[in-house]
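For reference, the structure is listed below as C-alpha cells.
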Amino acid sequence: MNEVLKTIKERRGVKEYLDKPVPKELLDQIVEAGLWAPSGRNKQPVVFLVFTKKEDIDKLREANAAFSRNGGDPFYGAPAVIVVLAKKESVDPACDGSLAMENMMLAATSLGLGTRWINRAKEVFTLASWKDCLEKLGLDPEGYVGVGNMILGYPAAVPEAPERIEGRVFYI
Ligand SMILES: Cc1cc2nc3c(=O)[nH]c(=O)nc-3n(C[C@H](O)[C@H](O)[C@H](O)COP(=O)(O)O)c2cc1C
C-alpha cells in the first residue's frame, strides 16, 4: 500500500505512553508538517505551542482537567503536548487548526510516535493565566482561539482500529 495511505490507516488515538522524551528533531518535523497544512485564503493563521517540560504540561493538564467531566489525566501521561490555536479573524479557525492537527498526527505516526487529539484547548485559552502565556509569547491573547491539544510520545500500547461505520459514501 502507498505509504501515505498506510500511515492514515495506522494512526490511532494512543492512551498509553512510555516515559521517554520525544527528541527535538522529531518535534521539529512534526510541527513542520503542521505548518504545511492548507488554510482558508492561505492566511496561515495557526500557531503551535510545544510543551515538553513536565511542570508546564502539569499546569496545562490541570487547566484541561478542570473543564473535563471524565476525571483522570486528560493527557494520559504523554511526555509532550502541542497546542494548536488559530487567529479568530481567519476564514475558519477550527478548520484551519484541524488540518494542522491531522497533518501532525500523521507525521508523528510516520515517525513511530503515538498521538491523540485532546479537546478543551478552546476553554483553557479563555483563562486569564493562559491568555498571559499567549501575551508573553507576543501573541494577541484576544486574537486566538484554541483548536486542539495533540498529545504525543512513544506508545506503550496502540489500540485496535475501530471499525468504519458503513453506508457513508455516496457517489453522485
Ligand atoms: C475533535 C476531537 C476531539 C477529541 N477529544 C478527545 C478528548 O478530549 N479526549 C480523548 O481521550 N480523546 C479525544 N479524541 C480522540 C477520539 O476519541 C479518537 O480519535 C476516536 O476514539 C477514534 O480513535 P482513533 O483516533 O484511534 O481512530 C478526540 C478526537 C477528535 C477528532
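Numbering of ligands and ligand atoms starts at 1, following listing order. Each residue takes its place number in the sequence, starting with 1.
- In terms of polar-atom proximity, R116 is counted as a contact of ligand 1, with an N or O under 3.5 Å from an N or O of the ligand.
- Residue contact check for ligand 1: R11 places a non-hydrogen atom closer than 4.0 Å to it.
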- Query: Please walk me through it: do K59 and E62 pass side-chain contact (heavy atoms from CB on, under 4.5 Å)?
  - Reply: CA-CA 5 Å; K59 280 185 205 151; E62 197 183 312; 5.7 Å; no
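- When I118, N70, N149 are ranked by how near their heavy atoms come to atom 9 (N) of ligand 1, first place goes to I118.
- The closest donor-acceptor contact from the side chain of N149 to the backbone of I82 lies at 3.5 Å or more, if one exists at all.
- In summary, the atoms of ligand 1 found under 4.0 Å from a heavy atom of Y76, numbered by their order in the structure, are 10 (C), 11 (O).
- Of the protein's non-hydrogen atoms, N119 N, 3.1 Å is the one closest to atom 8 (O) of ligand 1.
- Side-chain contact annotation: Q44 with N42, donor-acceptor N/O pair under 3.5 Å present.
- Under a 3.5 Å cut-off, the side chain of N103 and the backbone N or O of I30 do not form any donor-acceptor pair.
- Interface atoms of ligand 1 facing G13, defined by a heavy-atom separation under 4.0 Å, are 24 (P), 25 (O), 26 (O).
- Protein heavy atoms are absent from the 4.0 Å sphere centred on atom 19 (O) of ligand 1.
- Between R164 and ligand 1, no N or O atom pair is found at a separation short of 3.5 Å.
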- R116/Y76 under side-chain contact (heavy atoms from CB on, under 4.5 Å): CA gap, chis, key distance, verdict: CA-CA 9 Å; R116 189 175 182 97; Y76 303 101; 3.8 Å; yes
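- When each of L26, D19, V14 is tested with Y154 by the rule side-chain contact (heavy atoms from CB on, under 4.5 Å), just one qualifies, namely L26.
- Here the heavy atom of the protein found nearest to atom 6 (C) of ligand 1 is W117 O, 3.2 Å.
- What sits closest to atom 23 (O) of ligand 1 on the protein, heavy atoms only, is P162 CG, 4.0 Å.
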- Task: Go through the steps for K43 and E89 under the test side-chain contact (heavy atoms from CB on, under 4.5 Å), then give the verdict.
- Result: CA-CA 10 Å; K43 294 283 185 194; E89 65 176 31; over 6 Å; no
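- Defined by atom type and a distance below 3.5 Å, a donor-acceptor pair is missing between the side-chain atoms of D132 and W130.
- At least one heavy atom of R120 sits closer than 4.0 Å to an atom of ligand 1.
- Residue, atom and distance of the protein heavy atom nearest to atom 27 (O) of ligand 1 are R12 NH2, 2.7 Å.
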